[in-house]
J.: 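Handing you this structure, nothing more for now.
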There are 2 protein chains.
Amino acid sequence: MKIEEKNSERFTTMVENIKKYGGCPVSATLKLIGGKWKPLILYFISVDVNRFGQLQRMMPDCSKRMMTVQLRELENDGLVHREVFAEVPPKVIYTLTEKGESLRPLFSMLSQWGIDNILKKKV
Amino acid sequence: MKIEEKNSERFTTMVENIKKYGGCPVSATLKLIGGKWKPLILYFISVDVNRFGQLQRMMPDCSKRMMTVQLRELENDGLVHREVFAEVPPKVIYTLTEKGESLRPLFSMLSQWGIDNILKKKV
DNA sequence: AATAATGGTTACTTTTTTTATACTATAAAA
DNA sequence: TTTTATAGTATAAAAAAAGTAACCATTATT
């Protein structure tokens, strides 16, 4: 009897999820929030650093192009809302959607895990 | 008064973490678990699908090379332990380290969020 | 008349990730 | 003696992600 069979009851949940939904739900989530600058962008928007230029000043290592690309992806994934004002010079305000807001507890766990398991070593 | 100043108290936590630890703790965590096949590999190891060939059979779309690369990264990051038995044919068993085990609640949240916010749409 | 401010876009290059294919060692079993 | 099993390596090619730099439109200010 193979281990694959022996333990089969133990991982039906995940395997069934994958079959049922056509992919791993964890990977799917990580795909949305895992972009190089996305956690930081979402975080800053969540504390009302919500304009393109403001975000850039907070993240000087993120190029204009990357900022645009990541913001557009976040928008397309429904995590961020982009509101354009018909003014000159242009004014655009980014806010979290409800879906974006719902990530808060997740981010808080990810952050704490990172502090406890990765970053603290460097102190 | 700029918004950056106005809201400064509101995001000192994250900004201070970044300064204190030299990076965003969320990004740091995502870097460890965000590899294309890592969630699935960690999951299968966690349910004792713990040999190279078994993992391959469970994830036929992950090439041998990718499997090796991801397993080595997980090992180097201290999430997975690799035990080699001096047998022929070779026998290697992968297990979660304590650090790897500590990811469980995180994965459970990531999975639920993905089911609720991404995958359910496809049903 | 030139400059600044905002929020980008476009084209091109470099870097990183992923894929594909072939190859390895050893002992046991057919 | 050829095949099977295990757990990988090595090398090159293709694809995806990220970086760089120049450009754009409009209005107000200098």
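Each chain gets a letter, A, B and so on, in the order its sequence line appears, and its residues count up from 1. Just so we're clear, the structure is a prediction, and the values are computed from it rather than from any experiment.
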J.: For the helix from C/dA1-D/dT30 to C/dA30-D/dT1, what angle lies between the axis at the first five pairs and the axis at the last five pairs, to 10 degrees?
T.: 30°

J.: If you assign A/Trp37 and A/Pro89 each to the DNA chain D nucleotide with the nearest heavy atom, which residue ends up on the more 5' nucleotide?
T.: A/Trp37

J.: Going 5' to 3' on DNA chain C, which nucleotide is the first and which the last to come under 4.0 Å of a heavy atom in chain B?
T.: C/dT18 to C/dA27

J.: Applying side chain to side chain donor-acceptor pair (under 3.5 Å), which residue pairs with at least one partner in residues 73-90 of chain A are found, sequence neighbours left out?
T.: A/Lys38-A/Glu73, A/Arg82-A/Tyr94

J.: Between A/Ser111 and A/Ser108 (side chain of the first, backbone of the second, donor and acceptor by atom type, cut-off under 3.5 Å), is there such a pair?
T.: no

J.: With side chains defined as the heavy atoms from C-beta onward, is the minimum distance between B/Leu103 and A/Asn117 less than 4.5 Å?
T.: no

J.: Tell me, do B/Leu55 and B/Met58 make a side-chain contact under 4.5 Å, heavy atoms counted?
T.: no

J.: In terms of the nearest nucleotide of DNA chain D, which residue is placed more toward the 5' end: A/Ser63 or B/Lys91?
T.: B/Lys91

J.: Which pair of non-hydrogen atoms, one from A/Ala28 and one from B/Leu119, has the smallest distance, and what is that distance?
T.: CB-CD2, 4.2 Å

J.: How long is the line joining CD1 of A/Ile41 and C1' of D/dA18, in whole Å?
T.: 13 Å

J.: Is any side-chain heavy atom of B/Phe52 closer than 4.5 Å to one of B/Leu71?
T.: yes

J.: Output the rounded distance in Å from CZ (B/Arg51) to P (D/dA5).
T.: 13 Å

J.: Please state whether the phosphate of D/dA18, meaning OP1 or OP2, lies under 4.0 angstrom from any side-chain nitrogen or oxygen of A/Gln70.
T.: yes

J.: Nearest heavy atom decides the nucleotide; on that basis, is B/Lys64 or A/Tyr94 closer to the 5' end of DNA chain C?
T.: A/Tyr94

J.: What's the CD-P distance between B/Gln56 and D/dG8, to the nearest Å?
T.: 10 Å

J.: Between atom CD in B/Gln54 and atom C1' in D/dG8, what is the gap in whole Å?
T.: 16 Å

J.: Would you mind reading off the distance between B/Met66 atom CE and D/dA14 atom P, rounded to a whole angstrom?
T.: 18 Å

J.: Could you tell me whether B/Glu73 contacts a base, only the sugar-phosphate backbone, or nothing, with contacts defined as non-hydrogen atoms closer than 4.0 Å?
T.: nothing

J.: Specify the separation, in whole Å, of atom CE of B/Met67 and atom P of D/dG8.
T.: 11 Å

J.: Looking at D/dA13, I'd like to know if its phosphate oxygens (OP1 or OP2) sit under 4.0 Å from a side-chain N or O belonging to B/Arg65.
T.: no

J.: With a 4.0 Å cut-off on heavy atoms, is A/Phe85 in touch with a base, just the backbone sugar-phosphate, or nothing at all?
T.: nothing

J.: Determine yes or no for a side-chain-to-main-chain donor-acceptor pair under 3.5 angstrom, with A/Gln54 supplying the side chain and A/Asn50 the backbone.
T.: yes

J.: Below 4.5 Å, heavy atoms only, C-beta onward: do A/Ile33 and B/Val26 meet side chain to side chain?
T.: no

J.: If we only count heavy atoms from C-beta on, is the A/Val80 to A/Thr97 side-chain gap below 4.5 Å?
T.: no

J.: What is the distance, to the nearest angstrom, from the CG atom on B/Leu71 to the P atom on D/dT6?
T.: 16 Å

J.: So do A/Trp113 and B/Leu32 actually touch side chain to side chain, heavy atoms under 4.5 Å?
T.: yes

J.: From CD of B/Glu83 over to P of D/dT6, roughly how many Å is that when rounded to an integer?
T.: 18 Å

